[in-house]
Protein chains: 2
Amino acid sequence: MQKLRNLRTTQQRTIILEELRNRKDHPSADEIFSRVRKRLPRISLGTVYRNLEILTQLGEIQELKLSGSLKRYDWNPNKHYHIRCVNCDRVENAPIAPLNQIEDDLYQATVFEIIGHNLEFTGLCPDCTQKDQETRQPPRASRP
Amino acid sequence: MQKLRNLRTTQQRTIILEELRNRKDHPSADEIFSRVRKRLPRISLGTVYRNLEILTQLGEIQELKLSGSLKRYDWNPNKHYHIRCVNCDRVENAPIAPLNQIEDDLYQATVFEIIGHNLEFTGLCPDCTQKDQETRQPPRASRP
DNA sequence: CTACATGCAAATGCTTTGCAACCTA
DNA sequence: TAGGTTGCAAAGCATTTGCATGTAG
């Protein structure tokens, strides 16, 4: 996590943001790296990652954490949703009914052939909620 | 991808499934590895991964691909959903309104303090739909 | 000047894979 | 006995980090 104070406007940061806004797609860090390198041949991948992190925290861009490599296994093969604790990564079932018609809602609006969907909630589990509150200085602080 | 034919019932496969069903949580491959190793001290992590893959394809269990380390970046910081092509990984916006009240629906049903949610669709993009159809032997095959 | 940023390279963490030996049907 | 399966180790890959150097404010 960064501190986000006394940020500086570097060429690298500026150009990364520009390249991301120029083409309105959803590139990976590595793709952004390739684009930016055309203008700044000496930039490194690490710098790209660090700046994307900062720009995300500033709210200038959005970081999509797509369903990817972080795998968990569920004894229950039936469709259901989950909630994951952002602090300790604990996963539990989210007691909410499957959105059976949501794919139909999208059907007419996209050129994709829809295969499925996944809904994931994030939150703080009871244990981490407690620790979170204990850590805070002012008594009745609340999350934004 | 496996062929899933002529599968054999090995001790490893059986015990992995048992351990997953014994405790109805959502363990990582590594956690499953630890549990199983208590009963089969010589089992390897690779075997665990291979069997989890097979059991998933058999529909015995479910593999959760949680939002994790695989990142993409979006020039638009506002809340919206995405659809990802399972074949080429292309990501596009899913033109569907944000589910503003879904977190409220969950609120009373979970002990987690909810922070947010993410909805992701999977599908085939136009390019891959075409290739997919070209690849199939019978003319008008359709997806299940 | 000085604290933030960068380039480079090494390290991480999780997952996959090649291969010879091993077992199940 | 054949071919699926295993253990082991090495390889992959995206992402993170340590450090000396560079630079914006």
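Letters go in sequence order (proteins before strands), and every chain restarts at 1. Reckoned from all heavy atoms, side chains included, excluding hydrogens, waters and symmetry mates.
- With rounding to whole Å, R42(B) atom CZ is found 10 Å from dA9(D) atom P.
- In this structure, the CD atom of E53(B) is 10 Å from the C1' atom of dT16(C), given to the nearest Å.
- Results of the side chain to side chain contact (heavy atoms under 4.5 Å, CB included) test with L20(B) over L52(B), L55(B), I15(B) single out L52(B) as the only residue that passes.
- For dA14(D), the OP1/OP2 oxygens have no side-chain nitrogen or oxygen of S28(A) closer than 4.0 Å.
- Proximity note for Q12(A) (side chain, C-beta onward) versus dG7(C), dA2(D), dA24(D): the nearest is dG7(C).
- One side chain, N78(B) or N76(B), offers a donor N or O that lies under 3.5 Å from an acceptor on the other.
- Atom P of nucleotide dC14(C) and atom CG of L52(B) are separated by 15 Å, given to the nearest angstrom.
- When the P atom of dG13(C) is taken as reference, atom OH of Y49(A) falls 16 Å away, rounded to whole Å.
- In this structure, R72(A) places its CZ atom 16 Å from P of dG13(C), rounding to the nearest Å.
- Each of T10(B) and L45(B) was matched to the nucleotide of DNA chain C holding its nearest heavy atom; the match closer to the 5' end belongs to L45(B).
- Although no hydrogens or angles enter the test, the distance criterion places a donor-acceptor pair under 3.5 Å between the side chain of T129(B) and the main chain of C125(B).
- Applying the 4.0 Å criterion to OP1 and OP2 of dA5(C), one finds that R13(A) has a side-chain N or O inside that range.
- Contact check, S44(B) against dT6(D): no side-chain N or O comes under 4.0 Å of OP1 or OP2.
- If you take CD1 of I32(A) and P of dT15(D), they are 10 Å apart, rounded to a whole angstrom.
- Contact between the side-chain N/O atoms of N51(B) and the OP1/OP2 oxygens of dT6(D) is found at a separation under 4.0 Å.
- Along DNA chain D, the nucleotide closest to Q11(B) and the one closest to R8(B) are compared, and the more 5′ of them pairs with R8(B).
- In this model, a side-chain donor or acceptor of R50(A) finds a partner on the base of dG7(C) within 3.5 Å.
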query = Stepwise, does the ring pair (Phe, Tyr, Trp, His ring centres under 6.0 Å) test hold for H117(A) with Y81(A)?
reply = CA-CA 10 Å; H117(A) 73 275; Y81(A) 305 127; 5.8 Å; yes
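- Residue T47(B) places at least one side-chain N or O under 4.0 Å from the OP1 or OP2 atom of dG7(D).
- A donor-acceptor pair shorter than 3.5 Å cannot be found between the side chains of N118(A) and H82(A).
- Here D30(A) lies out of heavy-atom contact (under 4.0 Å) with every strand.
- One can place CG of L58(B) at 14 Å from C1' of dG4(D), the figure rounded to the nearest angstrom.
- For the pair I16(A) CD1 and dG7(C) C1', the interatomic distance rounds to 13 Å; values are reported in whole Å.
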